[in-house]
Structures are given as structure tokens and as C-alpha cells.
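We count residues from 1, following the sequence as given. Computation of the quantities below employed the complete heavy-atom set of this structure, encompassing side-chain atoms and omitting hydrogens, waters and symmetry-equivalent molecules.
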Amino acid sequence: MESSHIDRLPIDLLSHIFVLITSFTDLAQVSGVCKKWKQGVKQSMARREKLSFAGFKNDDDSTARLVGYAYNLKELDISVSSSRSRWGCQITDNGLHSISMTKCAGNLTSISVWGMTAITDKGVAQLISRVTSLQHLNIGGTFITDETLFAIADNCPHLKSIVLWSCRQITETGLLVLVNKCRKLESINVWGTRVPVDCFVSLLTISPTLMIKPVGLHLNVPVV
């Protein structure tokens with residue numbers, strides 16, 4: 001039987017085509033067609049600099065495996081989709097540990113684990129210890145505590161922005177350590193936290209140019 005035109009395409013060209021596929025369900029189906037297409041999917045993952053699992057129901061193993069293929073990855077989003085929160089990624093500390101061991105971990109500049117309620121300080125700290133190039137981090141909607149903030153402060157010298165939306169377990173102590181050590185920090189989102197306003201005044205004393213969100217916070221910082 002004569003092969004179809006697409007079967008004659010080289011793997012490099014197939015990988016360019018598969019990069020255009022954004023649905024991981026579709027990628028999984030494509031990968032199952034034949035060995036050649038499976039290799040093409042792997043190569044397409046290696047070309048990606050951005051990867052988002054938001055809204056897709058991936059578990060620890062499948063997520064870590066796909067991230068492992070993406071050698072050049074710089075931006076990773078494994079957050080829960082706000083519109084389909086029930087069907088978001090089901091990531092635990094085990095998944096974060098596996099992601100931290102991938103080849104791309106050291107190159108990641110942006111990570112979002114927004115709404116990942118199954119992760120703890122242990123998993124986040126393990127991931128943070130390996131992503132030393134991190135500039136943007138969204139850990140809003142999780143149950144992390146000051147332990148995670150201490151880990152970020154010790155391992156992320158290039159951090160520019162962090163979202164702590166509704167992280168109600170963090171305290172003034174963790175925020176002060178974070179801002180003291182992350183000297184490149186430009187923006188911090190503390191909406192929904194239980195930290196007193198006086199703490200934010202202290203943060204601005206340490207870093208006067210720091211943008212604290214929500215912008216509507218009424219802070220009276222004395223002029224020196």
C-alpha cells in the first residue's frame with residue numbers, strides 16, 4: 001500500500017507541525033499513531049519555550065514526562081484554570097519533585113502553580129531549589145507558609161515578581177525575609193492575605209520602589 005504524503009515527511013518537519021498543537025489530549029493521540037509520530041511529538045516538545053497545562057487534567061507523571069521532553073522550556077504554567085477548576089492539573093509534591101529534576105529546571109524564568117491546593121512547602125521548596133533563574137512566580141491560591149518564602153529568598157536572587165494571592169498562611173516574617181533577600185523584586189501581589197498593613201509599610205521601607213498589589217492599599221510611608 002502506498003504511504004500517504006504526511007508519512008513521507010521527515011521527523012524534523014513533523015515536529016514543526018506538532019508544535020502548533022496546543023491540546024495535550026491531541027498530542028497524546030498524535031503520539032500514539034506510530035513510532036515516527038511519537039518521536040516527532042518529543043522533538044516538538046523540545047522546541048517549546050512556553051508550556052501551559054492550565055485547564056488540562058494532567059497528573060504528576062504525565063506532566064513531569066512532558067516537561068522532561070521540553071529541554072528549552074523557560075515558562076511553565078501548571079495552574080488551575082479559574083473557569084474549569086475541577087479539571088485542572090492534579091499536581092502534588094511528587095510532581096514538583098519530578099519537574100525539579102528535569103533538564104530544563106535551571107532555565108525556567110517563569111512558573112505558575114496557582115490554585116494547586118495539593119502541593120505543600122516541601123514540594124515547592126524542592127522545585128525552587130533547582131530553578132535558580134526564576135524571575136516570575138505565581139503561587140497564589142495555595143496553602144504555602146513562610147517556609148516557602150524562606151526557600152524563595154535563599155534560592156531566587158533574580159526574582160522580579162511574585163503572586164501570593166490568598167496565601168493566608170504566610171506572615172510578616174516571611175515577607176520581610178523575602179523582600180530583604182530578593183533585591184531585584186519589583187512587584188508582589190498580597191491580595192487576600194492576612195498580613196497587617198503595617199507590614200507593607202515595612203516592605204516599602206526596605207524597597208521603596210516595590211509595587212505592592214492590590215494598588216488600592218492605603219500605605220502611609222514617612223518621607224525621609
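- The two residues Asp154 and Lys181 come nearest to each other via the heavy atoms OD1-NZ, 2.7 Å.
- Here the side chains of Leu96 and Ile78 are in contact, with some heavy-atom distance below 4.5 Å.
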inquiry  = Evaluate Arg48 against Met45 for side-chain contact (heavy atoms from CB on, under 4.5 Å), listing each step before the verdict.
reply    = CA-CA 5 Å; Arg48 297 173 188 258; Met45 294 299 295; 3.5 Å; yes

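- The same ILVMFWY cluster, assembled from side-chain heavy atoms under 4.5 Å apart, contains both Leu204 and Ile206.
- From Leu108, atom CG reaches atom CG of Leu127 across 7.5 Å, with rounding to the nearest 0.5 Å.
- Residues Thr142 and Cys167 have side chains in contact (heavy-atom distance under 4.5 Å, counting atoms from C-beta outward).
- Between Gln169 and Thr145, the closest heavy-atom pair is CB-CG2, 3.8 Å.
- Formation of a donor-acceptor pair under 3.5 Å by the Lys36 side chain with backbone atoms of Leu9 is found in this model.
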Under 3.5 Å donor-acceptor pairs involving side-chain atoms of residues 97-106, not counting sequence neighbours:
unit_1 : atom_1 : unit_2 : atom_2 : d
Ser98  : OG     : Asn94  : O      : 3.1
Ser100 : OG     : His97  : O      : 2.5
Ser100 : OG     : Gln126 : NE2    : 3.0
Thr102 : OG1    : Ile99  : O      : 2.6

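- Taking CD1 from Ile128 and CD1 from Ile139, the interatomic distance works out to 7.0 Å, rounded to the nearest 0.5 Å.
- Checking side-chain atoms of Ser202 against main-chain N and O of Asp198 turns up a donor-acceptor pair under 3.5 Å.
- Each of Phe143 and Ile91 belongs to its own hydrophobic cluster when Ile, Leu, Val, Met, Phe, Trp and Tyr are linked at side-chain heavy-atom distances under 4.5 angstrom.
- Annotation: the span from Leu203 atom CG to Leu185 atom CG amounts to 9.0 Å, rounded to 0.5 Å.
- Under the 4.5 Å side-chain criterion, counting only non-hydrogen atoms from C-beta, Leu164 is in contact with Leu149.
- With rounding to the nearest 0.5 Å, the separation of CG in Leu210 from NZ in Lys213 is 10.5 Å.
- With sequence neighbours excluded, no residue forms a side chain to side chain donor-acceptor pair (under 3.5 Å) with Ser110.
- Clustering ILVMFWY residues whenever any of their side-chain heavy atoms sit less than 4.5 angstrom apart, transitively, puts Tyr71 in a cluster other than the one holding Leu66.
- In this structure, CG on Asn189 lies 8.0 Å from CG on Asn138, to the nearest 0.5 angstrom.
- In this structure, Ser31 OG and Trp37 CH2 are separated by 11.0 Å, a value rounded to the nearest 0.5 Å.
- In this model, no donor atom of one side chain and acceptor atom of the other lie less than 3.5 Å apart for Asp12 and Ser15.
- Although no hydrogens or angles enter the test, the distance criterion places a donor-acceptor pair under 3.5 Å between the side chain of Thr109 and the main chain of Lys74.
- Taken together through direct or relayed side-chain contacts under 4.5 Å among Ile, Leu, Val, Met, Phe, Trp and Tyr, Val19 and Phe53 form parts of separate hydrophobic clusters.
- In this structure, Asn72 contributes its side chain and Ala46 its backbone to a donor-acceptor pair below 3.5 Å.
- Contact detail for Cys156 and Cys182: the closest heavy-atom pair is O-SG, 3.6 Å.
- Closest approach of Ala70 and Leu51 over heavy atoms only: CB-CD2, 4.5 Å.
- At a threshold of 4.5 Å between non-hydrogen side-chain atoms, the residues Val80 and Met116 count as touching.
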Please tabulate, for side-chain N and O atoms in residues 170-179, each donor-acceptor pair with protein atoms closer than 3.5 Å (sequence neighbours left out).
unit_1 : atom_1 : unit_2 : atom_2 : d
Thr171 : OG1    : Asp146 : OD1    : 3.4
Thr171 : OG1    : Asp146 : OD2    : 2.3
Thr171 : OG1    : Thr173 : N      : 3.3

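- Under the 30°/60° scheme for interplanar angles, the aromatic rings of Trp165 and Trp114 are found to be tilted.
- With hydrophobic clusters built from ILVMFWY side chains whose heavy atoms lie under 4.5 angstrom apart, Ile188 does not share a cluster with Phe150.
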Evaluation steps, side-chain contact (heavy atoms from CB on, under 4.5 Å), between His16 and Arg47 = CA-CA 8 Å; His16 278 290; Arg47 298 176 185 273; 3.3 Å; yes

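- In this structure, His136 and Lys160 have side chains that are in contact, with non-hydrogen atoms separated by less than 4.5 Å.
- Taking each heavy atom of Phe18 and Gly40 in turn, the nearest pair found is CD1-C, 3.6 Å.
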